[in-house]
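Since we're looking at a predicted model, the values are computed, not measured.
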Amino acid sequence: MAGHSPRAELTWRGIVIGALITVVFTASNVYLGLRVGLTIATSIPAAVISMAVLRLMGGGTILENNLVQTQASAAGTLACVFASLPALVMAGVWQHFPFIMTAALTAAGGMTGVLFTIPLRRVMLADPVLPFPEGVAAAEILRAGAAAEDRGGIRALLNGGMLAAALTFASTGLRVLGDGMTATAVWGMSAFRFSAGFSPALLGAGYLVGLEGGIAMLLGAILTWEVVIPVMAHVQPNPTGLPAGAFATSLWKDRARFIGVGLIGIAAIWTVVRMGRPLLDSVRALLDRTQDADNAAPTETDLSPRAMRMVAGGALLVIGSLFFVFAHASVGALPALAATGAGLACCVGVGLFVAAACGYMAGLVGSSSSPISGVIILAAMGLSCVFVVLRALGLFAGTEGLQFAIGFCLYALTAITASAAIANDNLQDLKTGRMVGATPWKQEAVLLIGCVTGAVIIPPVLNVLYQTYGFVGAMPHAGMDATRALAAPQPALLLLITSGIFLHQLDWNMLLAGMGAGCALIGVDACLRRTGRGALPPLAVGVGIYLPMSVSVTLAIGAILGHVVTRLNGGAGRHQGTMIASGLIVGESLMGVMLASLSALSGRDSPLSLLPPGMDATATSIAGLAAFCVLCIWFCAMQLRQPRR
């Protein structure tokens with residue numbers, strides 16, 4: 001591990017640097033997730049910071065840089081457990097976040113995600129349908145940093161990064177530029193809406209996603225907001241008397257979005273089934289690898305079967321022990337054993353499905369745009385249904401049993417969430433590693449290290465945030481200021497869904513509608529591929545329904561611009577476009593991390609805002625639109641300047 005030869009990869013200083021970067025990313029993502037329900041993809045910022053730090057320390061190889069960003073991004077991604085853990089406080093099960101119960105479950109759940117990604121790596125990274133936009137962007141950044149002769153690529157990367165950082169600072173930090181614009185047309189009780197975001201990172205990600213994925217997401221968004229929601233508003237009463245626009249928003253949040261969840265679920269199941277044979281072949285190859293391991297190329301050597309068995313056994317032992325301790329505190333020994341067995345089975349079965357689905361979506365649209373929360377909702381529903389059956393069999397009866405079942409499902413969901421989050425991000429890292437010639441088993445080893453370092457940070461951060469601000473929907477504690485409470489939208493949604501299933505209050509109609517639409521789209525996609533007329537990825541359509549329209553539209557703009565410019569230029573500016581797109585993602589990501597850290601330190605949502613309270617946002621929205629249009633024109637012009645082949 002020592003030494004810094006041209007192949008130096010896994011080093012002690014790299015592990016230490018990765019652990020230190022972890023603190024910033026994990027804390028920022030936990031705070032941001034509880035504040036607005038979103039997190040920042042950490043692979044690209046980690047790559048940039050790693051290069052800068054190693055350069056100050058005398059330089060590092062591209063492979064060492066890659067492992068630092070792999071470890072740091074894994075730990076920062078693990079912060080996605082913010083979606084389930086606070087729900088235990090909201091449900092009254094916990095009054096704080098116990099360190100061992102929180103950190104150990106988060107780390108062990110993340111480790112299972114690492115193990116799930118090993119066979120997925122061999123299947124998904126070779127799939128030409130999956131562009132892995134952020135993995136490609138991170139690889140281009142590492143290559144540009146290592147290759148001083150690629151001055152044009154470095155310049156394009158820096159130009160894109162600085163422009164994106166400036167626009168993000170002006171919109172998110174100073175609030176002098178709007179970050180999106182929405183137009184709504186009202187007809188009776190129906191509202192037709194079109195909205196677009198002005199995010200440089202989404203523009204760059206859309207360029208890397210490609211035309212088919214971008215069009216599919218745009219189709220999902222248009223069908224939702226121009227067809228489904230207006231029809232629902234016309235036939236469904238509006239008992240609260242909301243204005244048409246606000247009523248349309250509530251319909252999307254409470255009902256229409258679950259069509260996307262159902263579609264994502266059926267498309268994810270189809271994806272797992274379609275990949276079943278290659279996955280089995282990959283697992284068989286991993287388990288059969290013995291004497292040939294020494295002769296395998298470094299870029300194809302995963303963790304040994306013995307190491308994987310040890311990690312899997314240790315992780316499942318930890319998860320099982322924590323499940324039993326959690327259950328035994330509320331119910332007897334035999335019910336606790338039953339709950340532990342059911343929870344472990346779900347962590348393995350549901351966890352593998354969720355990891356595959358999240359990994360595929362991350363490969364399709366990128367980690368930042370992957371609707372991991374939609375898949376977690378499906379996991380929560382599946383887990384809750386298992387315990388509803390156990391209650392019907394006579395276990396966990398009564399009011400106390402009901403509260404225990406809800407709490408246990410949320411606790412077990414934490415392990416599945418950690419696994420899904422890791423798979424969502426780590427396949428991007430493994431794609432980066434493949435492009436720069438990294439050794440997979442070393443990446444997998446630092447991913448395991450990243451799970452531990454990130455898990456150690458999460459409990460104290462959650463406790464500090466809860467004690468300082470509190471969560472909306474949780475019981476108030478001494479010194480809590482209700483006006484500053486963190487919204488925690490994802491934990492509140494998971495608690496609503498889990499309790500709704502147990503209390504038979506969940507509306508299944510939208511989920512079933514999404515599943516039916518998913519089956520139809522799978523057939524359409526198969527026909528298009530068979531006739532050579534393109535593709536319509538069902539998963540991407542579901543993503544377009546589930547995500548806010550502003551996100552889907554901006555991704556589609558990037559995809560369409562990239563396709564048009566590439567056709568006009570004969571493909572000559574593709575490398576230039578990739579570097580600029582990577583820079584746009586880098587600039588916004590880094591600035592987002594800095595602004596999130598500043599918000600966490602100041603205790604204010606926008607401490608640098610120059611926008612006077614109560615000021616009409618129309619002017620800033622117009623300014624933001626103008627700035628975004630200039631960005632798009634510049635993006636295209638920079639590629640068209642490249643000579644045609």
Side-chain angles (χ1 to χ4, degrees), residues 18-35 39 42 71-114 314-315 317-327 329 343 347 376 407-422 448-471 473-475 477 479-480 485-486 488 490-492 494-495 596-597 600-601 603:
L20 293 176
I21 297 174
T22 289
V23 177
V24 176
F25 285 162
T26 303
S28 298
N29 267 345
V30 170
Y31 173 80
L32 202 61
L34 291 174
R35 172 69 73 181
T39 57
T42 52
Q71 177 187 344
S73 67
T77 300
L78 204 61
C80 284
V81 294
F82 81 85
S84 58
L85 283 170
L88 289 165
V89 175
M90 295 177 175
V93 178
W94 281 354
Q95 282 70 52
H96 69 289
F97 300 94
F99 181 82
I100 298 296
M101 295 288 288
T102 302
L105 184 67
T106 302
M111 287 179 175
T112 62
V114 174
L317 179 62
V318 170
I319 293 172
S321 301
L322 292 170
F323 282 178
F324 183 79
V325 170
F326 184 95
C347 283
I376 297 304
F408 189 89
C409 286
L410 292 169
Y411 188 61
L413 190 63
T414 299
I416 297 175
T417 301
S419 179
I422 288 296
L448 294 172
I449 296 171
C451 289
V452 175
T453 54
V456 169
I457 300 298
I458 289 170
V461 172
L462 284 172
N463 275 317
V464 167
L465 292 176
Y466 178 55
Q467 295 301 324
T468 305
Y469 304 110
F471 306 140
M475 289 293 292
H477 56 76
M480 174 181 168
L486 298 173
Q490 301 287 19
L494 288 178
L495 178 59
S597 302
L601 291 173

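Scanning both residues, F82 and P491, for their nearest heavy atoms gives O-CG, 3.1 Å. The two atoms that bring V318 and A108 nearest to each other are CG1-CB, 4.0 Å, heavy atoms only. The two residues I319 and G109 make their nearest non-hydrogen contact at CD1-N, 4.2 Å. Contact detail for C451 and I422: the closest heavy-atom pair is SG-CD1, 3.9 Å.
Under the 4.5 Å side-chain criterion, counting only non-hydrogen atoms from C-beta, T112 is not in contact with C347. Residues C409 and L413 have side chains not in contact (no heavy-atom distance under 4.5 Å, counting atoms from C-beta outward). Counting heavy atoms from C-beta on, the side chains of V456 and F99 come closer than 4.5 Å.
Judged as a side-chain contact (heavy atoms from CB on, under 4.5 Å), and not counting sequence neighbours, the contacts of A420 are V354, C358, I372, I376. P98 is linked by a side-chain contact (heavy atoms from CB on, under 4.5 Å) to W94, H96, M101, T102, counting only residues two or more places apart in sequence or in another chain. A search for side-chain contact (heavy atoms from CB on, under 4.5 Å) contacts involving A107 returns A455, not counting sequence neighbours. Partners of F97 according to the ring-ring contact (aromatic ring centres under 6.0 Å, His included) rule, which considers only residues two or more places apart in sequence or in another chain, do not exist here. Residues forming a side-chain contact (heavy atoms from CB on, under 4.5 Å) with V461 (at least two apart in sequence, or on another chain): A27, V30, I457, L465. Not counting sequence neighbours, the partners of S84 by the side chain to side chain donor-acceptor pair (under 3.5 Å) test are T414.
Remark: the backbone N or O of A415 is not paired with any side-chain donor or acceptor of S419 at under 3.5 angstrom.
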